[in-house]
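Single-structure report; data block below.
Nothing here was measured: the structure is a model prediction, and the numbers come from that model.
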Protein chains: 2
Amino acid sequence: MPDPSSTAAAHVPSDVSSGPRATIEDVATAARVSVATVSRAMRGLPNVAAATRQRVVDVAQSLNYRPDPAASRLAAGKTKTITVGVPSLNGWYFSTVVAGAEAVCNEAGYEFQVIGVGSHDARDRLLDDRYHLERRTDGLILVDVEPSDEQASALARRGVSLTTIGARIVGCPSVQIDDEHVGRLAADHLIGFGHRDLGVISGLDDDPMNFAVPMARRSGFFGGAAAHGITLGDEHVRNGNFGVDGGRVATAELLDAPRPPTAIFAMSDEMAFGALMELEHRALRPGVDVSIIGVDDHEFARVVKLTTIRQTIAEHGAVAARLLIEAMTVRATDAGVDYVPPAHQPTVELVQRTTTGPAPTS
Amino acid sequence: MPDPSSTAAAHVPSDVSSGPRATIEDVATAARVSVATVSRAMRGLPNVAAATRQRVVDVAQSLNYRPDPAASRLAAGKTKTITVGVPSLNGWYFSTVVAGAEAVCNEAGYEFQVIGVGSHDARDRLLDDRYHLERRTDGLILVDVEPSDEQASALARRGVSLTTIGARIVGCPSVQIDDEHVGRLAADHLIGFGHRDLGVISGLDDDPMNFAVPMARRSGFFGGAAAHGITLGDEHVRNGNFGVDGGRVATAELLDAPRPPTAIFAMSDEMAFGALMELEHRALRPGVDVSIIGVDDHEFARVVKLTTIRQTIAEHGAVAARLLIEAMTVRATDAGVDYVPPAHQPTVELVQRTTTGPAPTS
DNA sequence: ATGAAAGCGCTAACAT
DNA sequence: ATGTTAGCGCTTTCAT
């Protein structure tokens, strides 16, 4: 024990990386202030002399000091973490949304967690009071997952900020396109080409994690058709489960009907890809024998020249993250009262490629 | 101050959800043991009477108690978090890997973080000593990202377990296919069809986050060709950047060469899709005029009938997560000595569809 | 503007 | 087998 001067001798500008990490106390003694002042200075709180703050920051820097996240959390009760819950990470749509959110969150200094909530069980486990989500995260982004009213309000009560994509929860920021409009756009486009025999490949109806989207698109499509005097019913729609395979069998069913459609609206590009496969299988030419329109503008839509209704998915994720962070900030900083959570509605855009075309003059 | 009995009156079996969370102390007093015993009991540590453990667990359950992660972290220094660093979340390959890892990690009770490390800068920021990664995560999975030797050993020193996918770091578990073999497989397949004029679309060479993979595949392909008396050189390879667009322009360049290839090996399906687009653009029939083989078995490979070398990506992520957890466990539990980190080599499989076929008899 | 001190809820020696 | 007691590194009143 050569050095009895306990912890006080902390003036060492030892630059050798990776010893035991400097603590707030090391910084405090080195800067000749109290830990409280260091804490204030580092977080930009008021009541710190400019000179003092500067000194503290410099010392912290030279000591390679960073507040320990665990300690901060324990003391302050905030996690500086954002979690996104998605039905699945597989699938272009979800992973793209996640990518958009990740960039924003990490950029803003939040840790970014993701958790798969593919089933109702998984969803409930996450949202359930027993998971203590509020101790793990400050904010939650739910993608195409609709929490129950109780779950949503419980989250708020527990201090977890919520924002949704593809759904709308009162009191929470949301990002959601106008799905009715999407349906109408598709109908107009197809009918504009002279098609009168229409089919639609819908998303899942049976195990509805989020049936709102398919419903709205269907309703928009039906409405658009009706405006042109075309009446559509259940017999014109098949469920494709938002997957390639589903899209393919749905197409087969549609085409096997007594009066097969000459144009098909697939509610997602992935299902449209399945439709294309089935067409090829039957030696039907897309855009001439049968027209197909999808939704998303999936990265491979252009590979197969799919006409589709584009939405800017990555943007959705990024915007949601920003809205969430804003909501958390506002709510904390000043009078979070009279803060109206924005319901962002991204625009969509029809991009025509070659899988749609004039109705065959049978 | 109506109740002087301080904290002792904690026998309330109040079942109303979402009050202030029960702490370990609540459990302790309710179970009439000390907090230490609760801690032991809850974590399955030895030296707890079976009866006691049962009682504690029951009480904890009835109190809806969960240890506070932040408190555990602070006290124990472990985060129960696993982080995966990927060059990007966009792109089927990475998001699929992440999906595989996510499932395993959350299943095993780890929080799951993801962080994009698309550039050298981002990578270094994450791995740099100044980021204090060890305070945020117990284990790191790096996907197609090669840390420097110093970074890797620094991680170990700092207590962050590392496992890699698509790379090999000494002392760390890894998941990596035999990329040379992939190249050879492709060469054999193409040459087996009688092709002698070969082209290859490689991954990025200039900004090499991970040039090992392209190099190995190329070397395997060249070797395979050489075995059949075909000599290949730089002039037969173009960089496609692992993207659709890159694949397309690479293909164009290849086809515009004085002696254009009749068969092309694309190192990823995405680049192969680009190749297919270029073929279509030139009215060349895949599998008859020009053969294309990819790597991955991307979910849309079958949509366009792409012949490819399948690897089970999601599995890679899952296996990596399992190996990582195992490594962390072993290292902690018993004699972590003489633990040899496994280098898992998943198998690949050629799946032939219609984009490859006999060489045209020009 | 700054400091002292009391926790935050847990784990880990060290008793017993 | 169980209890006692220090911390872990911060934030946050409350003084000054």
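If you run side-chain hydrogen bond (donor to acceptor under 3.5 Å, both in side chains) between A/Thr81 and each of A/Arg136, A/Gln113, A/Arg73, only A/Arg73 comes through.
Atom-to-atom, CD1 of B/Ile24 to C1' of C/dA12 comes out at 12 Å; the value is rounded to the nearest Å. For the pair A/Arg32 CZ and C/dA1 C1', the computed distance is 17 Å after rounding to whole Å. Atom CG in B/Leu45 sits roughly 13 Å away from atom C1' in C/dC10 (whole-Å rounding). Protein atom NZ of A/Lys78 is 15 Å distant from nucleotide atom C1' of D/dT12, rounded to whole Å. Rounded to an integer number of Å, the gap from A/Glu25 CD to D/dG7 P is 12 Å. Rounded to an integer number of Å, the gap from CZ of B/Arg135 to P of D/dG9 is 7 Å. If you take CE of A/Met42 and C1' of D/dT12, they are 17 Å apart, rounded to a whole angstrom. The CZ-P distance, from B/Arg136 to D/dG9, rounds to 15 Å in whole Å.
At a threshold of 4.0 angstrom between heavy atoms, the contacts of B/Arg66 are confined to the sugar-phosphate backbone, with no base atom among them. Counting any heavy atom pair closer than 4.0 Å across all strands shown, B/Asn47 reaches a base atom. Residue-level contact check: A/Ala76 touches the backbone only, with heavy atoms under 4.0 Å from sugar-phosphate atoms and none from bases. Counting non-hydrogen atoms under 4.0 angstrom, A/Arg40 reaches a base of the nucleic acid.
The shortest distance between the side-chain N/O atoms of A/Thr52 and the OP1/OP2 oxygens of C/dA1 is not below 4.0 Å. The phosphate of D/dT4 (OP1 or OP2) has no side-chain N or O of B/Ser34 nearer than 4.0 angstrom. Of the side-chain N and O atoms in B/Ser39, none sit less than 4.0 angstrom from OP1 or OP2 of C/dC10. For D/dT11, the OP1/OP2 oxygens have a side-chain nitrogen or oxygen of A/Arg43 closer than 4.0 Å. OP1 or OP2 of D/dG9 has not a single side-chain nitrogen or oxygen of A/Ser72 nearer than 4.0 Å.
In the set C/dA5, D/dT2, D/dC10, the nucleotide with an atom closest to the side chain of A/Val35 is C/dA5. Distances from the side chain of A/Asp68 to the nucleotides D/dT2, D/dG9, C/dC10 place D/dG9 closest. Side-chain atoms of A/Val33 lie closest to C/dG3 of the nucleotides D/dG3, C/dG3, D/dT2.
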**Prompt:** So A/Asp124 and A/Arg130, salt bridge (charged side-chain N to carboxylate O under 4.0 Å, His left out) or not? Walk me through it.
**Reply:** CA-CA 10 Å; A/Asp124 291 340; A/Arg130 289 172 318 185; over 6 Å; no
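Within a 6.0 Å radius of CZ in B/Arg168, more than 12 heavy atoms belonging to other residues, nucleotides or ligands are found.
Both B/Leu74 and B/Ala49 lie near DNA chain D, and the one whose nearest nucleotide falls closer to the 5' end is B/Ala49. Nucleotides of DNA chain C nearest to A/Arg55 and B/Ala71 differ in position, and the one nearer the 5' end is that of A/Arg55.
No side-chain heavy atom of B/Ser72 sits under 4.5 Å from any side-chain heavy atom of B/Lys80.
Between B/Arg21 and A/Asp129 there is a salt bridge, with a side-chain nitrogen of the basic residue lying less than 4.0 Å from a carboxylate oxygen of the acidic one.
With values rounded to the nearest 0.5 angstrom, B/Gln151 atom CD is found 10.5 Å from B/Glu146 atom CD.
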